[in-house]
Amino acid sequence: MDNTFLTNLRTAYDQQVAEREGKAFPAWKAAERARFLAMLQAEKKQTLLEIGVGTGRDSLFFQQQGLQVICVDLSPAMVHHCRAKGINAQVVGFAELAAHFAPAAFDAIYAINCLLHVPRQDLPGILTQIRTILRPDGLFYWGQYGGVDEEGIHAGDHYVPKRFFSRYTDAQFQAIATTYFTLEAFSVVPQGGGGDYFHAATLRKTGVG
């Protein structure tokens, strides 16, 4: 991944800890999280990695439900905030996952609205790393805003620097996901007008490797 791209993304999120911590938690996000937890509990999964943890709300929830949680984020400020909550948080970028964690290290991986910052040309490599560190039969929750085919800096973004987003149609999102994982469940959550919505995929690592 381009160093300038990563530096800009890190800087943008380093400045937004307080704002993001103060945001209300939508009921639909709580429902998605609870659904994934129920699946983890039913299959007796124990270890979970959250990628792009942000302020740590989801990691803290999973930890409080008895899971062994490690979380990572590109932003040192976000990681510092999470550690203050008692979460095992580490500064690790998307492209460093396989170098930082052993193969088959986790029963489950959770990524919500973070991989949408990965350029399309880099996404196959990131998904390969996620697959590598996930145990056989492990579960991967991948959720992000989509519904449109577009990529680039969001002109209306109030973060500084403005953030890069890559979003996909239903067909594109599912095609990418099923290249690396078996699709267990897929749903969309409407996000107002304009055809935008949230893609929610529960995926499983099957096969060898």
So how far is it from [X] [atom1] to [Y] [atom2], rounded to the nearest 0.5 Å?
X: Asp107; Y: Leu40; atom1: CG; atom2: CG; result: 8.5 Å
X: Gln144; Y: Cys114; atom1: CD; atom2: SG; result: 8.0 Å
X: Gln172; Y: His199; atom1: CD; atom2: NE2; result: 9.0 Å
X: Leu48; Y: Leu67; atom1: CG; atom2: CG; result: 6.0 Å

Any side-chain heavy atom of [X] sitting closer than 4.5 Å to one from [Y]?
X: Asp58; Y: Phe25; result: yes
X: Gln15; Y: Thr11; result: yes
X: Ser187; Y: Arg35; result: yes
X: Val118; Y: Ser166; result: no
X: Phe164; Y: Glu151; result: yes

Looking at Leu134, Thr132, Ile109, Ile130, which hits side chain to side chain contact (heavy atoms under 4.5 Å, CB included) with Lys205? Leu134

Going by the side chain to side chain contact (heavy atoms under 4.5 Å, CB included) test, name the single residue among Phe62, Phe106, Phe61 that passes it with Val69.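 In the set Phe62, Phe106, Phe61, the residue that makes a side chain to side chain contact (heavy atoms under 4.5 Å, CB included) with Val69 is Phe62.
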
May I have the step-by-step check of ring-ring contact (aromatic ring centres under 6.0 Å, His included) for Phe5 and His117, ending in yes or no? CA-CA 10 Å; Phe5 164 81; His117 292 309; 7.9 Å; no

Working for side-chain contact (heavy atoms from CB on, under 4.5 Å), residues Phe140 and Tyr180: CA-CA 11 Å; Phe140 171 35; Tyr180 302 90; over 6 Å; no

Using every non-hydrogen atom in the two residues, find where [X] and [Y] come nearest and quote the distance to one decimal.
X: Ala201; Y: Phe186; answer: CB-CD1, 4.2 Å
X: Thr202; Y: Met39; answer: CG2-SD, 3.6 Å
X: Leu203; Y: Ala177; answer: CD2-CB, 3.8 Å
X: Lys85; Y: Leu60; answer: O-CD1, 4.1 Å
X: Pro190; Y: Val188; answer: CD-O, 3.9 Å

Among side-chain atoms of Arg20 and Thr55, is any donor-acceptor pair under 3.5 angstrom? no

Whether the Tyr110 and Arg33 side chains hold a donor-acceptor pair (N or O, under 3.5 Å, no angle test) is what I'd like checked. no

Does CG belonging to Asn3 count more than 12 external heavy atoms closer than 6.0 Å?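 Not buried by this count: 12 neighbours or fewer within 6.0 Å.
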
Residues Lys29, Glu32: salt bridge by 4.0 Å N-O rule: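 Between Glu32 and Lys29 there is no salt bridge, as every charged N stays at least 4.0 Å from the carboxylate O atoms.
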
Asp170/Tyr197 under side-chain contact (heavy atoms from CB on, under 4.5 Å): CA gap, chis, key distance, verdict: CA-CA 10 Å; Asp170 289 357; Tyr197 43 73; 2.8 Å; yes

